[in-house]
Amino acid sequence: MTRRSPWAWIPTLYFAEGLPNVVVTALSIVMYMQMGLSDAEVGLYTGWLALPWVVKPLWSPFIDLLKTKRWWVLAMQLLMGSALAGIAFTLPTQLWFQGTMFFLFTLAFASATHDISADGFYMIELDGHSQAKYVGLRNTFYRLAVIFVNGVLVSLAGWLEHKFNMPVVYTWTLIFYGLAALFIGIWLYHCRMMPRPKEDYATNKNIGDVAQELKKMIRTFFCKFGAKETFVVMLFLLFYRFPEALLNTMTKTFLMRSAAEGGLGLSPEEYGLAQGTVGLIGLLLGGIIGGVLVSRDGMKRWLWPMVCAITLPDAVYIYLSYTLNANLWIVSGCLFVEQFGYGLGFTVLTLYMLFYSQGKFRTSHYSICTGISYLGLMLPGMVSGYLKDIVGYRMFFIIVMACCIVTFLVTAFLKIDPEFGKKN
């Protein structure tokens with residue numbers, strides 16, 4: 001057994017966890033838009049890529065049957081590096097769309113599996129005190145991966161295109177070859193630096209035992225409350241972020257489409273700053289402040305202010321779509337407000353999933369909650385482009401604001417312990 005400082009592997013492990021997720025859910029949208037796909041096509045095809053995160057609770061128990069958590073982490077990192085190289089290799093070919101979709105789906109599957117094994121390894125290697133001690137470090141480097149992809153890589157793609165007058169396909173080919181090299185480097189580093197805890201071993205259970213445990217875990221998930229209350233909870237998990245599910249893809253295309261197409265026409269460099277940096281700072285601040293408020297007063301006290309925070313700031317897109325004001329300061333300010341509100345309001349969803357997951361299978365039940373929540377993002381996102389193409393950006397954003405009533409409705413029937421979330 002080799003003991004190493006958590007600083008030697010936690011930052012790189014959670015940077016590697018965050019990076020592929022953002023590549024699949026955000027960078028692919030920008031790439032496909034610049035490669036000529038319509039908003040309807042971008043929304044539909046990139047929406048499918050969220051499927052592995054929706055269904056990952058179904059195969060997570062079986063990871064224990066084969067090899068160790070460390071083996072799974074390293075195997076998935078090598079697979080992700082290979083998938084990134086595959087994207088770069090197929091981009092300049094005639095079958096670029098089919099090839100990139102295949103490798104992006106491979107990347108998504110490997111990333112979802114990596115999430116399971118990395119979090120499992122973290123809990124095996126560190127005791128309870130250390131897990132709490134380093135949770136801020138892991139979250140920080142996960143968020144740095146988000147900034148790196150949305151802020152740095154999108155800006156770099158734009159700089160390469162304008163500086164060297166390079167066709168879009170070759171700028172993205174270089175970006176993905178660079179990502180592949182980075183991931184292979186992370187994999188080599190972790191082969192050397194990741195600890196080998198003695199508690200990390202394959203389980204002695206057989207497939208039948210795991211299947212029975214999975215069946216029991218799913219059954220108990222849906223039997224925590226009565227049928228009516230459980231139905232309300234499922235609606236909440238699915239539809240709390242319904243407006244965000246519609247906005248998620250279309251806001252990215254809106255920021256970069258030309259004014260003739262109804263967009264703001266931001267360059268990739270401007271997009272990287274406004275969305276990938278300023279917007280993310282707002283998101284982080286909202287999440288931090290939301291956690292502080294709930295820990296002081298409980299979730300029920302701040303429920304409705306946070307519901308308003310996650311919905312009402314979406315109105316900034318109505319303003320931008322009518323004025324088409326592409327001033328970077330104005331756009332960045334609007335994105336900061338919207339993302340700050342989202343970070344504040346997302347606290348409600350996170351804490352309610354923790355509240356609902358209490359009990360014997362709390363880790364697995366929380367994973368199911370996140371899967372249902374991902375499904376609520378995936379399905380509306382797949383049709384958002386079709387809706388936008390029919391009505392245009394302006395009316396689309398008005399419809400999104402009208403859909404905020406869905407969030408209010410599914411929240412109104414929740415039963416929440418007034419003391420939940422308060423610091424003891």
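Every heavy atom of this structure was used, including side-chain atoms; hydrogens, water molecules and symmetry mates were not. A quick note: this is a predicted structure, and the numbers were derived from the prediction, not measured.
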Next item on the list: Could you grab the distance from atom CG of Leu285 to atom CD of Gln339, nearest 0.5 Å is fine?
Entry: 11.5 Å
Checklist line | Phe225/Tyr356 under ring pair (Phe, Tyr, Trp, His ring centres under 6.0 Å): CA gap, chis, key distance, verdict | finding: CA-CA 10 Å; Phe225 305 131; Tyr356 188 79; 5.5 Å; yes
Next item on the list: On the 0 to 90° scale, with breaks at 30° and 60°, tag the Trp9-Tyr122 ring pair as parallel, tilted or perpendicular.
Entry: perpendicular
Next item on the list: State, yes or no, whether a side-chain contact exists between Tyr45 and Thr100 at a heavy-atom distance under 4.5 Å.
Entry: no
Next item on the list: Answer whether the closest heavy-atom distance between the side chains of Phe236 and Val233 falls below 4.5 Å.
Entry: no
Item checked: For the student: nearest non-hydrogen atoms of Thr407 and Val410, plus distance -> O-CG2, 3.4 Å
Margin query: I'd like to know if the side chain of Thr46 and the backbone of Val42 have a donor-acceptor N/O pair within less than 3.5 Å.
Written below: yes
Checklist line | Within 6.0 angstrom of Lys216 NZ, more than 12 heavy atoms from elsewhere | finding: no
Check: Just by distance, do the side chain of Glu261 and the backbone of Ser258 share a donor-acceptor pair under 3.5 Å?
Finding: yes
Note to self: Does any part of the side chain of Thr113, heavy atoms only, come nearer than 4.5 Å to the side chain of Lys56, both counted from C-beta?
What the structure shows: no
Margin query: Using a 3.5 Å distance criterion without hydrogens, assess whether the side chain of Thr277 forms a donor-acceptor pair with backbone atoms of Ala274.
Written below: no
Note to self: Checking Tyr393 against Thr253: is there a side-chain donor and acceptor pair closer than 3.5 Å?
What the structure shows: yes
Next item on the list: Please name the pair of heavy atoms, one in Leu49 and one in Ser28, separated by the smallest distance, quoted to 0.1 Å.
Entry: CD1-OG, 4.2 Å
Note to self: Rounded to the nearest 0.5 Å, what separates atom CZ in Phe176 from atom CD1 in Ile87?
What the structure shows: 4.5 Å
Notebook entry, point to check: Which pairs count as ring pair (Phe, Tyr, Trp, His ring centres under 6.0 Å) when at least one residue sits in residues 16-37, sequence neighbours excluded?
Noted result: Tyr32-Phe97
Notebook entry, point to check: Is it true that Phe397 and Phe254 have ring centroids separated by less than 6.0 Å?
Noted result: yes
Next item on the list: To the nearest 0.5 angstrom, please state how far the CG atom of Leu375 sits from the CG atom of Leu51.
Entry: 8.5 Å
Checklist line | Ring centers of Phe15, Phe148 separated by less than 6.0 Å | finding: yes
Checklist line | Residue Trp71 excluded, over 12 heavy atoms near CH2 under 6.0 Å | finding: yes
Margin query: With a 6.0 Å cut-off (strictly less than), is the heavy-atom count around CZ of Phe408, excluding the residue itself, greater than 12?
Written below: yes
Next item on the list: Examine distances only and state if a side-chain atom of Arg70 and a backbone atom of Pro195 form a donor-acceptor pair shorter than 3.5 Å.
Entry: yes
Note to self: Check for me whether Arg241 meets the cation-pi criterion with Phe346, that is, NZ or CZ under 6.0 Å from the six-membered ring centre and within 45 degrees of the ring axis.
What the structure shows: no
Margin query: Please determine whether the number of non-hydrogen atoms from other residues, nucleotides or ligands lying under 6.0 Å from atom CG of Leu409 exceeds 12.
Written below: yes
Next item on the list: Determine the minimum heavy-atom distance between Leu266 and Ala326, stating which atoms define it.
Entry: CD2-O, 4.0 Å
Check: Is a side-chain N or O of Arg143 found less than 3.5 angstrom from the main chain of Leu284, in a donor-acceptor match?
Finding: no
Next item on the list: State, yes or no, whether a side-chain contact exists between Leu13 and Val73 at a heavy-atom distance under 4.5 Å.
Entry: yes
Item checked: Inter-residue atom distance Phe121.CZ - Arg196.CZ, 0.5 Å rounding -> 9.5 Å
Checklist line | Side-chain heavy atoms of Lys224 within contact of Thr230, under 4.5 Å | finding: no
Next item on the list: Kindly indicate whether the side chain of Met306, heavy atoms from C-beta on, has any atom under 4.5 Å from the side chain of Val294.
Entry: yes
Item checked: Distance-only donor-acceptor check, side chains Gln77 and His114, under 3.5 Å -> yes
Check: Between Ser384 (side chain) and Gly381 (backbone), is there a donor-acceptor pair under 3.5 Å?
Finding: yes
Note to self: If you compare all heavy atoms of Gly345 against all heavy atoms of Ala309, which two are closest, and at what distance to 0.1 Å?
What the structure shows: N-CB, 4.4 Å
Notebook entry, point to check: Do Phe396 and Leu246 come within less than 4.5 Å of each other through their side chains, counting heavy atoms only?
Noted result: yes
Next item on the list: Please report the shortest heavy-atom distance between Ala8 and Tyr189, naming the atom on each side.
Entry: O-OH, 2.6 Å
Note to self: Can you give me the closest heavy-atom contact between Ser155 and Gly272, atom names plus distance?
What the structure shows: OG-CA, 3.6 Å
Notebook entry, point to check: Do other residues, nucleotides or ligands put more than 12 heavy atoms under 6.0 Å from the CE atom of Met395?
Noted result: no
Item checked: Point-to-point distance, once rounded to the nearest 0.5 Å, from OG1 of Thr411 to CG of Leu235 -> 11.0 Å
Note to self: Just so I know, are the side chains of Leu273 and Leu328 near enough to count as touching, which here means a heavy-atom distance under 4.5 Å?
What the structure shows: yes
Notebook entry, point to check: In terms of ring plane angle, is the pair Phe355 and Tyr352 parallel, tilted or perpendicular, where the classes change at 30° and 60°?
Noted result: tilted
